[in-house]
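Written out below as structure tokens is the structure these notes cover.
Numbers here simply count residues along the sequence, with the first being 1. Values in this document were obtained by computation on a predicted structure and should not be read as measured data.
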Amino acid sequence: MVALTVKCVVVATAVLLLISDGVLGDVYMHNPRGSNNRLNERSANRNNGNRMFDSQNNNRGGYNKGDEGVNAFDDYNEQYDMAFFMSHPDHLETGNGESILSVEWTNQHGCGGNDHNDPHKLNCNMVLQYMCVPEIVQEQTRGSCDLECRIPVPGNENCDKETPPCGLSSIIDLDECAEAGYVIAPAELYDQFNCPHDCTSNSNAASAVDCGPSWQTHADGSGWLFPRDGLNTNRQEYTNPSSNGLSEQARFNRKDGDVVRERGLHEDWDYYDECYRRERNRGLFTADQNLRSNSLGYSSAVFTRQNPNNNRRGYECPEERDHWPYWHPSPWVDIAVLTDRVDLCPFYQAESQNVKGKHFCRNTRNCANCIRFNNEEQCTGNGGNWVLHPPHYKPAPECRQAEWTRVNHLGNGRNGQPVRYNWTLPFLSFPEDSSVNHRCVLRLRYNISTDDYDAWRVNASFNNNAGAGVVSPVRQNPNVDIGAKNTALRLAINTAQFGRTFQDRSHVFRLIPRSKAGTVAQRPRLNSNPNTADFFGDRTLYNLNVRGKRGNIVQTFPSVEYDFVPNHLHMNKQDLIHIQWTGSNTHNNGNPAGDGQAGDAGEGRGGTDRHNFVELRRREFGESYPATWEENTIFKNMVDALDGYIPQPTDIGGVEHHTSVVSDRGRDWDEVRQSWALRMASVGFYRSFDYKTSGGDDDPNSIVGREDELNPLLDNAPASYAGGVFRFAEGVYNYMCTRNHNFSNRDQKGHLIVEGDPVGDQIIINGN
């Protein structure tokens, strides 16, 4: 394989060097809820825009992390991670069994169109990516830097060949690696010279076995959640390296002192440390920006034209953030690129790390800082190893025309509907167990440019250089001649923002493999035939969620008010729909409110998000009153149901789908239908009307048996709810949330059509 050198990288990435005018533009993800670096602030402004990543967005945007209960979280087990079921293992081959999540956002500067028949004033790309880690993986010290966990690939089942390269697993516990059916191989990518570790009794030992009890451990030994949203809004620390402290022991000590359990973490410390020490790509166009040097005396990948001073945001690598496709390894898996240049789709797809491995330089015994070098010639010439990091072995990202949106408008697209991408959730394979639960983050990057210069042509030779007589095609705040004698006009141009990337990320969510038939066979259902035991099978599954936060349109902006996502869904009676939502107890939207309005207009206890799901009376979409059970049709037409509860690792003794396979087991189907209508209306506060326990007593979670009553405004109901996965008979159903339906000025409603025959190959969500 031919390595990407500095010279060829310039051409390969110029399209996303992103030339833009120097104004503040934003992108905000509304489903799944984008954080914009928020966590649990009670103010309208976020506390720390540098907490996890560089968004370049307004301080007011974003949503808080969801709470599991009625009060604000104090620890990780009180946070709510949205859980989405994966697609069927064979969905890529068969086209059946897709799980579809509607990703929804607003972008300020516009996008879409093309130069041929639908011109726009700017160029843009929307890049969607995800990062997932098996739940069994914790942030902790590797037990061995001599070995690593590799994923076999066809043609290299034992990982004993150079090509095709085996994948690299995020599993660092070698016992778990073996149990998963992966291959424990000699370390090549992260060996003892590229693996932070410390054996105080033997500096040559690179494993706990060789070291013994003096092997030092990070993250309390047992490990911390990874990735995680954090418990406070402080940024993780980073101690700059010194030229006499480049050993892996020194790296371990820096890392151990920097990383804090209570702070959010997406990219890990090791990733940022390599970015800080790796030289920047000097072939890139930087205009007239003066990029600084790191503590080791050279300008590295943390210094870019958009970030010349390395204002660090979490452990994100600025060079990787600003350029896509990137030329060194990245933990992010590409989902899609939505562009106004579909002619470039073959290039984008071929350069994606989904399908193409990326090289980087590795330290050796005789070269403790060879990770500095970003090309093969310098790497090997200084005693390093130029190594191929394997691809992610995922399908190439989808590439298609971006939806048209208006310039300077954080609103809907051309068709009056929110801008969205219907993401077919992946199946994340895991050999021995088919799959396991994963912790994930979704990333949305919004790249904008204008035609002030040719982004495909410019490179470092166009950088401003007074000594060589080179004038950058764009300069900081230039005075321009307008043809009048002794008269010039000033343009407000910031070349750090000419060619710009904005970003939002979700809070941590979970991807869950579809439950096996044996796990859910005991649930009640309309047809109790054993042939119907498999609930999921290869059915299409749609996710129905809630966007928005507490407040009116002015108070929430640039976030949005409450609504269901998607609020118009067209599906088949064989399909499944998972209805769940999350909310915060700290959306008070107080001061400081920046350049917007503080306040949290709404119903119920201040600062709290609450939602429920009830059918509208008489099935009329213009109604404002919910249907009684006698008038209900959607739950009376329920064919099958499974609750969405999947235990977290901290839920000791938790049972998957506990309500369906334990509480509902053996119940009459009509009784179960009525109970589900009650659960969705009460956010699970009530489990049934009058269930009895096995001993004949009233169920303590039933209306009859529960001592406390549900508050009419849902104040004592949980902020988040795993809800249920349902299959409904054909029909037209309209539904609402009772708490947030202020019919005088806003509503929270949705519309569901269930057809008797297949909808066809085109998935129809909100008309798209």
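Taken to the nearest 0.5 Å, the CZ atom of R38 stands 14.5 Å off from the CE atom of M52. Separation of atoms NE2 (H611) and CG (N545) is listed at 10.5 Å; rounding is to 0.5 Å. The distance from the CG atom of N701 to the OG atom of S663 is 8.0 Å, given to the nearest 0.5 Å. To the nearest 0.5 Å, atom CG of residue D538 and atom NE2 of residue H88 are 5.5 Å apart. A distance of 13.5 Å separates CG in N632 from CZ in R617, rounded to the nearest 0.5 Å. In this structure, the separation between CG on N740 and CG on L714 is 8.5 Å, given to the nearest 0.5 Å.
Screening residues 42-68 for ring-ring contact (aromatic ring centres under 6.0 Å, His included) gives H30-Y63 as the qualifying pairs, with residues at least two apart or on separate chains.
Between the N64 side chain and the S584 main chain, no donor and acceptor come within less than 3.5 Å of each other. No donor-acceptor pair under 3.5 Å is formed between the side chain of N612 and the backbone N or O of M680. Under the 3.5 Å distance criterion, the side-chain polar atoms of S435 are left unmatched by any main-chain donor or acceptor of S429. Distance alone, capped at 3.5 Å, is enough to place a donor-acceptor pair between the N716 side chain and the N711 backbone. Of the possible polar contacts, one joining the H657 side chain to the D643 backbone as a donor-acceptor pair under 3.5 Å is found. At distances below 3.5 Å, not a single donor-acceptor pair connects side-chain atoms of S99 with backbone N or O atoms of L425.
Side chains of S688 and S675: no donor on one and acceptor on the other come within 3.5 Å. N40 and T586 form no side-chain donor-acceptor contact under 3.5 Å, judged by distance and modelled atom types alone. No donor-acceptor contact under 3.5 angstrom links the side chains of N45 and R60, judged on distance only. For the 3.5 Å distance criterion, the side chains of Q748 and E561 fail to qualify, holding no donor opposite an acceptor. One side chain, S102 or N422, offers a donor N or O that lies under 3.5 Å from an acceptor on the other. Side-chain N/O atoms of R46 and S55 include a donor and acceptor closer than 3.5 Å. For the residue pair E615/T633, the side-chain donor-acceptor check at 3.5 Å is satisfied. Side-chain polar atoms of N57 and N36 form a donor-acceptor pair below 3.5 angstrom. Defined by atom type and a distance below 3.5 Å, a donor-acceptor pair is missing between the side-chain atoms of Q417 and N412. No side-chain N or O of D334 forms a donor-acceptor pair with one of W332 less than 3.5 Å apart. No hydrogens or angles considered: nothing links the side chains of Y76 and Q648 as a donor-acceptor pair under 3.5 Å. Donor-acceptor pairing under 3.5 Å is lacking for the side chains of Q503 and R445. At a cut-off of 3.5 Å, with distance as the only test, no side-chain donor of D747 or H741 sits close to an acceptor on the other residue.
Between R51 and D229, the shortest heavy-atom distance links the atoms NH1-O, 2.7 Å. Contact between G69 and R610 at its shortest, heavy atoms only, is O-NH2, 4.5 Å. The shortest non-hydrogen separation linking F427 to K394 is O-NZ, 4.5 Å. Of all heavy-atom pairs between R510 and P647, the closest is NH2-O, 2.8 Å. Of all non-hydrogen atoms in A717 and V70, the two that sit nearest each other are O-CG1, 3.3 Å. Residue L101 comes nearest to P32 through the heavy atom pair CD2-CG, 3.8 Å, listed as atom of the first residue, atom of the second, then distance.
With sequence neighbours excluded, the residues that form a salt bridge (Lys or Arg N to Asp or Glu O under 4.0 Å) with R706 are D708. Residues satisfying the disulfide bond (SG atoms under 2.5 Å apart) test with C737, not counting sequence neighbours, are none. Judged as a salt bridge (Lys or Arg N to Asp or Glu O under 4.0 Å), and not counting sequence neighbours, R235 has no contacts. Residues satisfying the side chain to side chain contact (heavy atoms under 4.5 Å, CB included) test with P700, not counting sequence neighbours, are T693. A601 meets the side chain to side chain contact (heavy atoms under 4.5 Å, CB included) test with N552, Q555; sequence neighbours excluded.
Taking the six-membered ring for Trp and the full ring otherwise, the centers of F635 and W629 sit at least 6.0 Å from each other. Aromatic pair Y315/Y271: centroids not less than 6.0 angstrom apart. For an aromatic pair to be called close, the ring centres must be under 6.0 Å apart, and H438 with F84 fails this. In this structure, the ring of Y542 has its center no less than 6.0 angstrom from the ring center of H578.
Taking the charged nitrogens against the carboxylate oxygens, R228 and E139 do have a contact shorter than 4.0 Å, which makes a salt bridge. Using a 4.0 Å cut-off between a side-chain N of Lys or Arg and a carboxylate O of Asp or Glu, R505 and E316 qualify as a salt bridge. Ion pairing of D715 with R739 is present here, as a side-chain N (NZ or NE/NH1/NH2) and a carboxylate O approach within less than 4.0 Å. A salt bridge links D664 with R679: the closest approach of a Lys/Arg side-chain nitrogen to an acidic carboxylate oxygen falls below 4.0 angstrom. A salt bridge is absent between D609 and R550; no separation between the charged side-chain nitrogens and carboxylate oxygens falls under 4.0 Å. Using a 4.0 Å cut-off between a side-chain N of Lys or Arg and a carboxylate O of Asp or Glu, D81 and R439 qualify as a salt bridge. A salt bridge does not link E656 to R514: none of the charged nitrogens lies less than 4.0 Å from a carboxylate oxygen. Salt bridge status for R261 with D75: present, with a side-chain N to carboxylate O gap under 4.0 Å. A salt bridge links R321 to D54: one of the charged nitrogens lies within less than 4.0 Å of a carboxylate oxygen.
Put simply, the side chain of T501 does not reach to within 4.5 Å of the side chain of Y446, judged on heavy atoms.
Looking at F728, F564, F726 one by one, the single match for ring pair (Phe, Tyr, Trp, His ring centres under 6.0 Å) with Y735 turns out to be F564. If you run side chain to side chain donor-acceptor pair (under 3.5 Å) between N585 and each of T608, N71, D67, only D67 comes through.
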For this session: With side chain to side chain donor-acceptor pair (under 3.5 Å) as the test, would you mind laying out the steps for R263 and Q236 before giving the verdict?
Result: CA-CA 6 Å; R263 301 182 186 181; Q236 293 284 1; 5.3 Å; no

